[in-house]
2 protein chains.
Amino acid sequence: MVTTQLKGASADDADLRRADSLAREIFSDVANKWAFLIIEMLGEGTLRFSELRNEVEGISHKMLTQNLRMLERNGLVERTVHPTVPPRVEYTLTEPGRALRATVDGMCVWTHRYLGHIETARRRFDT
Amino acid sequence: MVTTQLKGASADDADLRRADSLAREIFSDVANKWAFLIIEMLGEGTLRFSELRNEVEGISHKMLTQNLRMLERNGLVERTVHPTVPPRVEYTLTEPGRALRATVDGMCVWTHRYLGHIETARRRFDT
DNA sequence: CTGGATCCCCGGAGATACTG
DNA sequence: CAGTATCTCCGGGGATCCAG
C-alpha cells in the first residue's frame, strides 16, 4: 500500500510492487460505501440476503449481490447455503471481516461525532 | 446513521431522520477510495495540488479536484491559496480530517495484516 | 501551477424476466 | 427466496482545452 516504502532491502522488489498493487486493489474493492454498510449491518451476527436487502437502506438487488460476491471473494464474509426449499442463504463476517468492522465502526462513530462540524462547514462552503 | 435507533424519546424524530439522512450522505461522500487515499497521503502534513497528484497513484486531474472540493466542503481539509505567481495551493487536514485519518490508518493496517488471507481467499474463490 | 469547462464514451447500476 | 442474465440508460470519469 501507499505506506510501503522500504528502500534499502531490495531482496525482491518485484514482490513488493505486487503486494502494493494488490493492496491498492483491495482498497478499491473495500473502501466503498456499500461494502462498509454491509459490514456494519452484519456486525457480530448473521443475516439472510433479504434481511440485508431491507437493512441496508437503499441498496439495490444487484448492488447487494455484487458486493456480497466481492466480499466473499476477498474472504470477508462467509456464505452458507441451507439446502431447504425455499433456499435460505446466510451471511456472516469472517475473522478478517470482523477485524475490518472495527475500523468501519470507527467511521460511524466519527460521523456522529462530527455531524455538527460538517453541517456547518457545508453551510459556510455553499455560499 | 444506521446505528441511531433511539425509539423512546421521540422529542422530534423529524430531526433524527434528518441527521440520519445527513449521516448517510456523508458516508457516501467520504467512504470512497479516492477520499481515503487523499486523507492518507495528507497525513499530518501539507501538500500542494501537484504533489497530491503525484502521490495519489493513478488519480486523474478531475477526480483529484472533485474530491478535494468535496473534502473541503465537508470541512475535512483546509485549502490555503498563496497569491503568488504561479499560484501555490496547499491542502491540510482539519481536526475532523485528522480524526478520520485514524480510521483510514486502521484500514491500511488492516489491509497489510490480511493481505495473505485475502490473496488465498481469492485464489480459492476463483475456481 | 491550479482548476474550471466541455466533449465524449464506457461501464456502473437499475429494471425486468427467468431458473433452481 | 436467492441468484443470474439481459437490456437499457445515465452519468462517472478521462482527455483536452482554456483562464487566472
Side-chain angles (χ1 to χ4, degrees), chain A residues 24-39 41-42 45-74 76-93 125-127, chain B residues 24-39 41-42 45-93 124-127:
Chain A
R24 259 184 275 104
E25 204 178 319
I26 294 171
F27 219 79
S28 302
D29 272 10
V30 177
N32 121 23
K33 80 168 173 168
W34 291 130
F36 271 37
L37 289 172
I38 291 171
I39 290 169
M41 290 316 304
L42 282 177
T46 289
L47 289 175
R48 307 181 51 173
F49 183 87
S50 48
E51 289 171 335
L52 277 170
R53 182 115 173 61
N54 294 331
E55 303 267 14
V56 180
E57 166 88 34
I59 196 170
S60 71
H61 184 90
K62 188 178 182 179
M63 281 299 95
L64 183 54
T65 50
Q66 211 163 86
N67 278 273
L68 282 173
R69 286 298 154 275
M70 180 276 284
L71 291 173
E72 189 191 355
R73 176 171 123 90
N74 288 315
L76 301 204
V77 305
E78 188 180 3
R79 175 170 176 271
T80 66
V81 183
H82 297 80
T84 65
V85 47
R88 176 188 189 82
V89 182
E90 297 185 325
Y91 294 92
T92 324
L93 291 182
F125 186 92
D126 296 340
T127 55
Chain B
R24 260 184 274 105
E25 203 179 320
I26 294 172
F27 220 79
S28 303
D29 272 10
V30 177
N32 120 21
K33 80 168 174 170
W34 292 130
F36 271 37
L37 289 174
I38 291 171
I39 289 169
M41 290 316 304
L42 282 177
T46 289
L47 289 176
R48 307 181 50 174
F49 183 86
S50 47
E51 289 170 334
L52 277 169
R53 183 114 173 62
N54 294 331
E55 303 267 13
V56 181
E57 166 88 33
I59 196 170
S60 71
H61 183 91
K62 189 178 182 178
M63 282 300 96
L64 183 54
T65 49
Q66 211 164 86
N67 278 274
L68 283 173
R69 286 300 151 274
M70 179 276 284
L71 291 172
E72 189 191 355
R73 177 171 123 91
N74 289 314
L76 301 205
V77 305
E78 187 180 4
R79 175 169 177 272
T80 66
V81 183
H82 296 81
T84 65
V85 47
R88 176 190 189 81
V89 182
E90 296 185 326
Y91 294 91
T92 323
L93 290 182
R124 184 158 354 126
F125 186 92
D126 296 340
T127 55

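Source: prediction; values computed, not measured. So that the names make sense, note that chain A is the first sequence line, chain B the second, and so on, each numbered from 1.
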Worksheet item: If you measure from CG on A:Leu76 to CG on A:Asp29, what distance do you get to the nearest 0.5 Å?
Response: 9.0 Å
Practice prompt. Can you measure from CE (A:Met63) to CG (A:Asn32) and round to the nearest 0.5 angstrom?
Written response: 9.0 Å
Between [atom2] of [N] and [atom1] of [X], the distance in whole Å:
| X | N | atom1 | atom2 | answer |
| --- | --- | --- | --- | --- |
| A:Met70 | C:dA13 | CE | C1' | 15 Å |
| A:Met63 | C:dG11 | CE | C1' | 11 Å |
| A:Leu64 | D:dC1 | CG | P | 14 Å |
| A:Gln66 | D:dA2 | CD | P | 18 Å |
| B:Glu51 | C:dT2 | CD | P | 8 Å |
| B:Asn67 | C:dG4 | CG | P | 13 Å |
| A:Arg69 | D:dA2 | CZ | P | 11 Å |
| B:Leu71 | C:dG3 | CG | P | 13 Å |

Given [options], identify the nucleotide with an atom nearest to the side chain of [X].
| X | options | value |
| --- | --- | --- |
| B:Lys62 | C:dA13, D:dT4, D:dG14 | D:dG14 |
| B:Pro87 | D:dG20, D:dG3, C:dA13 | D:dG20 |
| A:Val89 | D:dT4, D:dA2, C:dC7 | D:dA2 |
| B:Pro86 | C:dG14, D:dT4, C:dC1 | C:dC1 |

On the nucleotide [N], are OP1 or OP2 found under 4.0 Å from the side-chain N or O atoms that [X] carries?
| X | N | value |
| --- | --- | --- |
| A:Ser60 | C:dG14 | yes |
| B:Arg48 | C:dT2 | yes |
| A:Ser50 | D:dA2 | yes |
| B:Arg53 | C:dC1 | no |

Worksheet item: Are any of the side-chain nitrogens in A:Arg88 or A:Glu90 under 4.0 Å away from the carboxylate oxygens of its partner?
Response: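 Salt bridge flag = yes for A:Glu90 with A:Arg88.
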Worksheet item: Charged N to carboxylate O below 4.0 Å: is that the case for A:Arg69 and A:Glu72?
Response: yes
Discussion item. What contact category does B:Arg79 fall into here, base, sugar-phosphate, or nothing, at under 4.0 angstrom with non-hydrogen atoms?
Written reply: sugar-phosphate
Worksheet item: Angle class for the A:Phe49/A:His61 ring planes (parallel below 30°, perpendicular above 60°, tilted otherwise)?
Response: perpendicular
Worksheet item: Is there a donor and acceptor pair closer than 3.5 Å between the side chain of A:His61 and the base of D:dG3?
Response: yes
